[in-house]
Amino acid sequence: MVATREPSDNYSRIYEVVRRIPVGWVATYGQVAAVAGLPGHARQVGYALHALPDGSDVPWQRVINARGEISPRATPGWEGVQRQVLEGEGVTFDARGRVDLVRCLWDPDG
DNA sequence: GCAATGACGCTCT
DNA sequence: CAGAGCGCCATTG
């Protein structure tokens with residue numbers, strides 16, 4: 001049943017998926033989009049997370065791009081903070097400052 | 001309703 | 001592996 005779901009509802013769907021990301025794991029925008037039911041809408045995922053208010057219960061910090069890099073936000077140096085936060089959760093990084101997707105990539109099926 | 005923007009993804013070089 | 005260009009689609013002005 002479908003249902004005329006408003007555009008904002010799509011955002012909620014993305015938030016739900018991000019909330020399902022366990023600590024110590026990370027997911028890519030494309031993955032979140034696919035799990036949320038919006039394959040190919042990776043951009044909208046980033047757009048939705050951008051609209052997230054500060055203090056939300058959505059760990060949007062665990063969402064990164066397909067390359068395992070932290071997308072540069074409007075706040076300069078934020079990616080440095082983000083990296084430390086993820087490290088505190090148990091996420092491993094490589095010498096290039098990228099997340100080890102082979103080790104910490106979240107598996108939506110599991 | 002049209003044009004521009006955007007926390008991206010993929011492919012080629 | 002790294003960098004640049006093109007494409008995708010929804011939201012905003």
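Small disclaimer: the values here were computed from a predicted structure and weren't measured.
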Is there a donor-acceptor pair under 3.5 Å between the side chain of A:Glu79 and the backbone N or O of A:Pro72?
no
Expected output: side-chain A:Arg62 to main-chain A:Ile21 donor-acceptor under 3.5 Å
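Such a contact is found between A:Arg62 side chain and A:Ile21 backbone.
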Roughly how many Å is it from [atom1] in [X] to [atom2] in [N], rounded to a whole number?
X	N	atom1	atom2	answer
A:His50	B:dG6	NE2	C1'	9 Å
A:Gln44	C:dG7	CD	P	17 Å
A:Tyr11	C:dC9	OH	P	16 Å
A:Leu38	C:dA10	CG	P	9 Å
A:Ile14	B:dA7	CD1	P	14 Å
A:His41	B:dT5	NE2	P	21 Å
A:Arg62	B:dA7	CZ	C1'	17 Å
A:Arg73	B:dG6	CZ	P	14 Å

Is there a chain of hydrophobic side chains (I, L, V, M, F, W, Y, each step under 4.5 Å between heavy atoms) that links A:Leu52 to A:Ile64?
no
Is it true that A:Trp78 and A:Val18 fall in one hydrophobic cluster, defined by side-chain heavy atoms closer than 4.5 Å?
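The answer is yes; both residues are in one hydrophobic cluster.
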Mind running side chain to side chain contact (heavy atoms under 4.5 Å, CB included) on A:Ser71 and A:Tyr29 for me, showing each step along the way?
CA-CA 10 Å; A:Ser71 303; A:Tyr29 292 97; 3.7 Å; yes
Report, one line per pair, each donor and acceptor closer than 3.5 Å where one atom sits in a side chain of residues 98-110 of chain A; sequence neighbours left out.
| from | atom 1 | to | atom 2 | distance (Å) |
| --- | --- | --- | --- | --- |
| A:Arg98 | NE | A:Asp94 | OD2 | 3.3 |
| A:Asp100 | OD1 | A:Val102 | N | 3.3 |
| A:Asp107 | OD1 | A:Asp109 | N | 3.1 |

Classify every nucleotide of nucleotides 8-13 of chain B by which part a protein heavy atom approaches to under 4.0 Å, writing B for the base, S for the sugar-phosphate alone and - for neither, in 5'-to-3' order.
BSS---
Listed nucleotide nearest any side-chain atom of A:Trp60, set B:dG6, B:dA7, C:dA2
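From the listed options, B:dA7 comes nearest.
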DNA chain C: 5'-proximal contact among A:Pro39 and A:Glu69 (nearest heavy atom):
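Its nearest nucleotide lies further toward 5', so the answer is A:Glu69.
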